[in-house]
Amino acid sequence: MTVRVLVAKVGLDGHDRGIKVVARLLRDAGMEVVYTGLFQTPETVAIAAIQEDVDVVGLSMLSGAHLTLAPMVVEALRSKGSDIPVIVGGIVPNNDLEDMRAAGVAAVFGPGASAEEMVASINEVVARASS
Amino acid sequence: MTPSAYDQWLALYEASAKRDAVFATMSGVPLDAVYGAEDGEFPGLFPYTRGVHASMYRSRLWTMRMFAGFGTAVDTNQRFKEIIAAGGQGLSTAFDMPTLLGLDSDDPMALGEVGRCGVAIDSLSDMRDLFKDIDLGTITTSMTINSPAAVMLALFVAQAEESGVARSQLGGTLQNDILKEYQAQKEFVFPPRQSMRLVRDTIAFTAAEMPKWNSISVSGYHIREAGSTAAEELAFTLANGFAYVELARQAGLSVDEVAPRLSFFFNAHIDFFEEIAKYRAARRLWATWMKDHYGARNELSWKLRFHTQTAGVSLTAQQPEVNIARTAIEALAGVLGGTQSLHTNSMDEALALPSEKAARIALRTQQVIAHETNVTNVADPLGGSWFVESLTDEMAAQAEAIFAEISAMGEGSMLEGCIKGIEENWFQGRIAESAYNLERSFNRGTRVIVGVNDFTEGNDDADLEILRITNEDERKQVARLNDVRGARDDAKVLLALEELTRDALDPEVNLMPALINASRADVTVGEMMGAMEKVFGRHIEVPTL
């Protein structure tokens with residue numbers, strides 16, 4: 001089955017190079033990718049993810065607000081009864097990884113993650129969520 | 001008989017003041033100020049391929065301008081003073097995301113972002129603390145802000161005048177390059193045409209009242225960081241520059257009134273010679289277009305002056321100390337390319353905002369280039385290299401081809417072409433395509449990044465100490481904002497906002513006076529931007545992949 005991914009930019013961070021490149025790399029790997037554009041809120045991302053019936057939500061975060069915003073996206077999904085896993089890519093210091101996991105973020109990709117690593121990890125996260 | 005190019009250069013060179021230094025190699029070999037054929041190109045002479053000044057760094061080194069800002073205005077003021085104490089000569093202000101988007105720190109969308117990527121500025125009170133005990137009459141200040149650029153300029157003028165420095169004495173630069181926001185950096189608020197009205201107002205205001213101020217820093221940096229090639233960075237940036245010249249002409253200014261106030265800002269990426277060729281081509285193209293296409297007669301209009309920043313995207317989170325080497329090489333390209341000012345990135349910036357130590361090492365890197373390597377002795381030392389000259393021609397040719405495409409989109413107008421290209425996602429699409437192609441080459445391993453796709457031994461070494469911005473700053477800033485709101489005269493606020501709305505409704509009126517009045521009445525950045533948004537509307541980018 002084709003993996004469906006919603007990639008999203010939450011908050012004010014306008015850096016969209018990474019998200020666009022990653023979206024295309026995931027498409028190259030055979031995934032279906034939906035991108036909802038800049039300046040989304042946790043609420044709009046959760047609604048879009050549920051409506052689009054995606055298997056995973058990927059957040060791109062480069063402004064340092066990940067510890068505030070990523071948990072809010074997880075929370076918005078859960079409060080709507082959705083268990084869609086959330087992953088994060090961007091500038092996330094190692095010290096924050098534990099807090100991110102504790103907040104329910106399923107995987108984090110730092111700078112330099114290769115396309116292969118991301119694809120493998122997404123497949124694993126999706127398999128875990130649907131098992 | 002016209003004197004030879006060499007003689008013209010010599011006259012200019014002899015007339016320029018020189019630094020008190022010995023211009024010789026370490027072993028004592030005396031050096032000429034420039035090398036080349038008698039009838040060839042020379043620095044300080046049209047079309048300035050070899051530099052805008054005849055004597056280049058023999059007269060004056062570049063300005064070591066370090067970009068800084070985080071937390072509250074009080075925190076950043078402290079960092080500014082450290083930079084000045086360490087020998088930095090210009091200030092460059094980084095604002096946080098909410099400020100860059102014209103939101104107050106207590107706006108719901110600002111949650112988690114306050115003070116994180118830069119300093120939070122909500123009102124005149126913050127501006128006062130930002131520049132406390134810094135003499136704005138002697139140090140030049142750069143403010144990296146675009147959508148609310150007019151608002152920030154108004155706050156800056158209000159603050160300076162309150163501290164006794166007249167606006168005519170203020171030297172510095174407002175980034176104010178809104179076109180590249182839509183193309184690359186994506187911190188936009190109003191739709192493009194409405195934003196351009198604000199840019200027009202700042203150009204006209206500074207032309208009339210702030211003779212030492214650069215109204216726009218036309219910025220390729222972010223275009224490159226967003227993924228463009230070197231030639232695209234060069235071409236899009238200069239095309240945007242042409243667009244601002246055309247905009248100013250529409251406002252009744254001549255090309256010679258606006259062009260000398262434009263400065264440029266380029267990236268220094270890791271491909272050493274391509275970068276140097278890019279800067280050389282930029283000067284040649286700008287001079288030629290200003291003179292031949294826009295009819296500029298003032299030499300200052302022909303001279304492209306630029307700031308350089310090393311490439312943030314070239315930094316790696318893996319083995320971050322290696323970034324010191326990358327940054328040094330990139331900075332050297334900027335210097336050999338004849339930059340007027342330079343920011344060197346800190347080694348930890350793929351992880352966080354720079355720590356004080358990392359920022360100091362980055363400044364020291366510039367000081368090594370300036371004071372130890374002797375590269376400052378000779379202008380355009382690579383000029384005449386068959387390779388560099390050929391690559392310079394290639395960069396210029398690629399840029400000319402792109403200018404033709406943009407001009408065609410605008411049916412002969414660069415201003416229209418740039419706006420259409422934004423509205424039709426042409427720039428955005430090209431940049432994304434180039435970014436994708438580059439990433440594919442890293443993923444395939446056809447291009448190596450040390451520590452990322454090769455030479456990874458050492459990647460597991462202990463982490464660097466990085467700067468941590470806590471949510472404590474956000475709470476502090478919101479409290480500061482509440483204090484301002486509590487202490488101000490609400491009647492004055494309402495009046496100032498009414499005046500701003502009325503002026504915004506009339507496209508013929510310059511908005512700067514109303515913004516300065518509002519700043520003095522302690523109207524917040526979010527309130528000023530909100531009032532204008534009601535009139536101008538909001539830009540929404542249609543997402544494309």
Side-chain angles (χ1 to χ4, degrees), chain A residues 5 7-29 32-44 48 61-73 90-97 109-119, chain B residues 96-98 100-101 103 107-114 116-117 181 184-188 222 225-227 313 315-318 348-353 428 431-433 435-440 442-445 449 451-453 456 459 463-464 466 468-469 471 474 540-545:
Chain A
V5 188
V7 294
K9 293 291 294 183
V10 187
L12 306 179
D13 176 19
H15 296 97
D16 64 356
R17 174 186 185 154
I19 197 168
K20 287 184 166 182
V21 167
V22 167
R24 285 185 66 177
L25 294 174
L26 298 184
R27 275 186 185 169
D28 291 348
E32 280 179 35
V33 184
V34 182
Y35 173 46
T36 50
L38 295 168
F39 310 127
Q40 302 298 302
T41 65
E43 194 64 17
T44 59
M61 316 192 91
L62 292 102
S63 73
H66 48 272
L67 278 180
T68 305
L69 295 177
M72 288 170 71
V73 174
I91 309 277
V92 178
N94 285 340
N95 290 340
D96 293 349
L97 291 179
F109 305 110
S114 71
E116 288 73 23
E117 288 169 60
M118 286 187 283
V119 169
Chain B
D96 69 358
M97 290 276 184
L100 290 173
L101 284 155
L103 300 174
D107 189 286
M109 278 299 278
L111 191 67
E113 304 272 14
V114 176
R116 216 170 256 292
C117 290
E181 291 298 330
Q185 198 172 8
K186 309 293 173 79
E187 284 150 6
F188 42 68
H222 319 82
E225 290 285 296
V313 289
L315 303 179
T316 63
Q318 296 79 2
D348 52 0
E349 289 189 71
L351 302 162
L353 288 194
Q428 299 92 313
I431 292 168
E433 187 67 25
Y436 171 75
N437 290 334
L438 191 62
E439 192 64 32
R440 293 272 290 153
F442 296 139
N443 271 308
R444 286 205 195 97
I449 307 180
V452 175
N453 61 2
T456 53
N459 281 10
D463 288 345
L464 279 184
I466 60 170
R468 314 283 303 175
I469 310 277
N471 286 340
E474 186 157 321
I540 294 175
E541 183 187 66
V542 179
T544 52
L545 281 180

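Chain A is the first sequence line, chain B the second, and so forth, proteins listed ahead of strands; every chain is numbered from 1. Note that the coordinates shown come from a computational prediction; the quantities given were computed from them, not determined experimentally.
- The choice from A/S63, A/S114, A/A113 that makes the most heavy-atom pairs within less than 4.5 Å of chain B is A/S63.
- Residue B/Q185 touches chain A through its backbone alone, counting heavy-atom pairs closer than 4.5 Å.
- Two residues are said to be in side-chain contact when any heavy atoms from C-beta on lie closer than 4.5 Å; B/R440 and A/L25 meet this criterion.
- What you find for A/V21 and B/Y436 is that their closest heavy atoms are CG2-N, 3.9 Å.
- Exactly one residue among B/M97, B/K186, B/R116 makes a side chain to side chain contact (heavy atoms under 4.5 Å, CB included) with A/L12. That residue is B/M97.
- For the options A/G110, A/G37, A/A65, heavy-atom pairs under 4.5 Å to chain B are most numerous at A/A65.
- Looking at B/P108, neither its backbone nor its side chain comes within 4.5 Å of chain A, counting heavy atoms on both sides.
- Interface remark: B/L103 contributes side-chain atoms only to the contact with chain A (heavy atom separation under 4.5 Å).
- There is no contact between B/L100 and chain A, counting heavy-atom distances below 4.5 Å.
- Across B/A110, B/A317, B/A432, B/A350, the residue that shares the most heavy-atom pairs under 4.5 angstrom with chain A is B/A350.
- By number of non-hydrogen pairs under 4.5 angstrom with chain A, the leading residue of B/T316, B/I466, B/V452, B/L111 is B/L111.
- If you take CG on B/N443 and CD on A/E117, they are separated by 9.0 Å, rounding to the nearest 0.5 Å.
- Only the side chain of A/T41 comes within contact range of chain B, with heavy atoms under 4.5 Å apart.
- When heavy atoms are compared at a cutoff of 4.5 Å, B/V114 does not approach chain A at all.
- The backbone N or O of B/E225 sits less than 3.5 Å from a side-chain atom of A/R17, completing a donor-acceptor pair.
- By the 4.5 Å heavy-atom criterion applied to side chains, A/L69 and B/E113 are counted as neighbours.
- Interface check for chain B: of the options A/L67, A/D96, A/V92, the most heavy-atom pairs under 4.5 Å are formed by A/D96.
- With a threshold of 4.5 angstrom between heavy atoms, B/N471 approaches chain A through side-chain atoms but not through N, CA, C or O.
- Within the 4.5 Å cutoff, the side chain of B/Q428 has no heavy atoms near those of the A/D16 side chain.
- For a residue to count as touching a neighbouring chain, one of its non-hydrogen atoms must lie under 4.5 Å from one of that chain's; by this rule A/D28 touches chain B with the side chain only.
- For the atom pair CZ (A/F39) and CD (B/E541), the distance works out to 8.5 Å, reported to the nearest 0.5 Å.
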